[in-house]
Amino acid sequence: MRVLQRSYFSRETDVVARDLLGKLLLRRLFANLLGGIIVETEAYFGKDDPASRAFQGLKNYNKVMFEHPGRLFIYNVHRYWMLNIIAHREGVGGILIRAIEPTIGIDIMKQHRSVKSIKELTNGPGKLTLALNVDKSLNGSDVTSLDSPIYVLDNDNEYDICTSNRIGVTKDLNQHLRFFIKNNKFVSK
DNA sequence: CATATGATGGACT
DNA sequence: GTCCATCATATGG
């Protein structure tokens, strides 16, 4: 397996969002490796997407969205941090990682969250950042190197993919920009 | 299992 | 003061 490179993220945002399903998201935390299989994503565009954090234009907090692909964009909503990877062919765009299937470092991730069942560990965007110990300090970091705190490994497995409208947005576009693996029990509710 | 509701804090105007 | 790409809890089946 190899680390996904900048060229991988330099494609249309929705194409990359769909393509990321099944890939392995890894978080290096001190001597530990945490993470799992990406099972749910959402694509967000720029000035033509009213649900996007870039819709209102360049701000201090969202400037990573306007920079080159392959970096993390960490954004706060309510009390939680959202983990996004910047991806676009040109212009602006990012992908929200909404859920992963835990496979590596499960015991450590459980220490970060008091949950009874493993199903609840990372089945939501705010839940997985808690489990992976991700916060704003990682905003802007590169994901295209094994030395990065977070990176994504390629994975050959094939999955059936479903789509829907995005979850929780107040002004969605009239197209399906949420992607998830069919029948996977770690997809968010 | 499903749906409803209140708490929450960062960044905006 | 307002908005928000959420979550945990409580309740009913």
Side-chain angles (χ1 to χ4, degrees), chain A residues 9 12-21 25 27 36 38-67 69 71-88 91-102 109-141 143 150 152 161-189:
Chain A
F9 299 104
E12 298 295 347
T13 309
D14 52 334
V15 173
V16 181
R18 176 190 290 265
D19 218 24
L20 276 175
L21 296 177
L25 180 77
R27 161 70 162 138
I38 297 173
V39 298
E40 179 182 356
T41 62
E42 283 177 356
Y44 290 87
F45 302 118
K47 60 175 166 44
D48 299 320
D49 181 358
S52 171
R53 296 291 125 162
F55 183 66
Q56 304 288 350
L58 178 65
K59 311 285 181 193
N60 195 44
Y61 83 101
N62 68 8
K63 63 184 181 190
V64 180
M65 287 197 82
F66 295 80
E67 297 172 1
R71 300 173 71 191
L72 295 180
F73 171 46
I74 312 288
Y75 176 74
N76 170 281
V77 58
H78 296 97
R79 187 165 84 257
Y80 305 92
W81 297 106
M82 304 291 108
L83 174 63
N84 302 258
I85 301 177
I86 297 308
H88 48 79
V92 178
I95 296 159
L96 173 68
I97 309 297
R98 282 196 59 89
I100 67 174
E101 175 176 339
M109 289 194 283
K110 277 183 172 171
Q111 291 172 21
H112 297 153
R113 278 175 54 65
S114 54
V115 292
K116 307 178 190 79
S117 105
I118 189 172
K119 267 180 60 179
E120 304 294 317
L121 196 53
T122 56
N123 65 334
K127 300 178 189 179
L128 74 87
T129 55
L130 286 173
L132 297 176
N133 196 246
V134 168
D135 63 21
K136 181 76 179 269
S137 67
L138 293 179
N139 188 51
S141 61
V143 299
I150 290 184
V152 188
I161 293 172
C162 301
T163 68
S164 78
N165 290 300
R166 294 174 293 190
I167 291 184
V169 302
T170 52
K171 293 179 174 181
D172 204 358
L173 291 171
N174 186 24
Q175 64 178 292
H176 283 183
L177 293 172
R178 171 174 176 252
F179 306 92
F180 57 99
I181 293 179
K182 186 177 182 179
N183 295 331
N184 186 286
K185 64 180 183 178
F186 297 96
V187 169
S188 73
K189 297 297 185 298

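In what follows, chains are A, B, ... by sequence order, proteins preceding strands, each numbered from 1. Only a predicted model underlies this, so the values are computations on that prediction, with no experimental measurement involved.
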Ile97(A) side, atom CD1; Leu83(A) side, atom CG - distance, nearest 0.5 Å:
6.0 Å

Taking the side chain as every heavy atom from C-beta outward, state whether Leu72(A) and Val134(A) have any pair of such atoms under 4.5 Å apart.
no

Polar atoms only, N or O, under 3.5 Å: list the protein pairs with nucleotides 1-6 of chain B and their distances.
| residue | atom | partner | partner atom | Å |
| --- | --- | --- | --- | --- |
| dC1(B) | OP2 | Lys119(A) | NZ | 3.1 |

Flag the pair Lys47(A) / Val92(A) as yes when at least one side-chain heavy-atom distance between them is below 4.5 Å, and no otherwise.
no

Could you write out each protein N or O paired with an N or O of nucleotides 5-8 of chain C at a distance under 3.5 Å?
| residue | atom | partner | partner atom | Å |
| --- | --- | --- | --- | --- |
| dA5(C) | OP1 | Arg53(A) | NH2 | 2.1 |
| dA5(C) | OP2 | Thr170(A) | N | 3.2 |
| dA5(C) | O4' | Tyr44(A) | OH | 3.2 |
| dA5(C) | N7 | Ala51(A) | O | 3.1 |
| dA5(C) | N7 | Arg53(A) | NE | 3.4 |
| dA5(C) | N1 | Asn84(A) | OD1 | 2.4 |
| dT6(C) | OP1 | Arg98(A) | NH1 | 3.3 |
| dC7(C) | OP1 | Pro125(A) | N | 3.2 |
| dC7(C) | OP1 | Gly126(A) | N | 2.7 |
| dC7(C) | OP1 | Lys127(A) | N | 3.0 |
| dC7(C) | O4' | Tyr80(A) | OH | 3.3 |
| dA8(C) | OP1 | Arg113(A) | NH1 | 2.9 |
| dA8(C) | OP1 | Arg113(A) | NH2 | 3.4 |

Only one of Arg98(A), Lys182(A), Lys189(A), Lys127(A) passes salt bridge (Lys or Arg N to Asp or Glu O under 4.0 Å) with Glu40(A); say which it is.
Arg98(A)

Separation of dC12(B) atom C1' from Leu58(A) atom CG, nearest Å, is 14 Å

Smallest heavy-atom separation, Phe73(A) atom then Asn62(A) atom, equals CE1-CA, 3.8 Å

Only pairs with both distances under 3.5 Å count, Watson-Crick or wobble alike; so what is the partner of dA4(B) in this structure?
dT9(C)

With a 4.0 Å cut-off, would you call Arg166(A) and Asp49(A) a salt bridge?
yes

Minimum-distance pair of heavy atoms, taken over all atoms of Lys171(A) and Pro50(A):
O-CG, 3.6 Å

Taking the side chain as every heavy atom from C-beta outward, state whether Asn76(A) and Lys136(A) have any pair of such atoms under 4.5 Å apart.
no

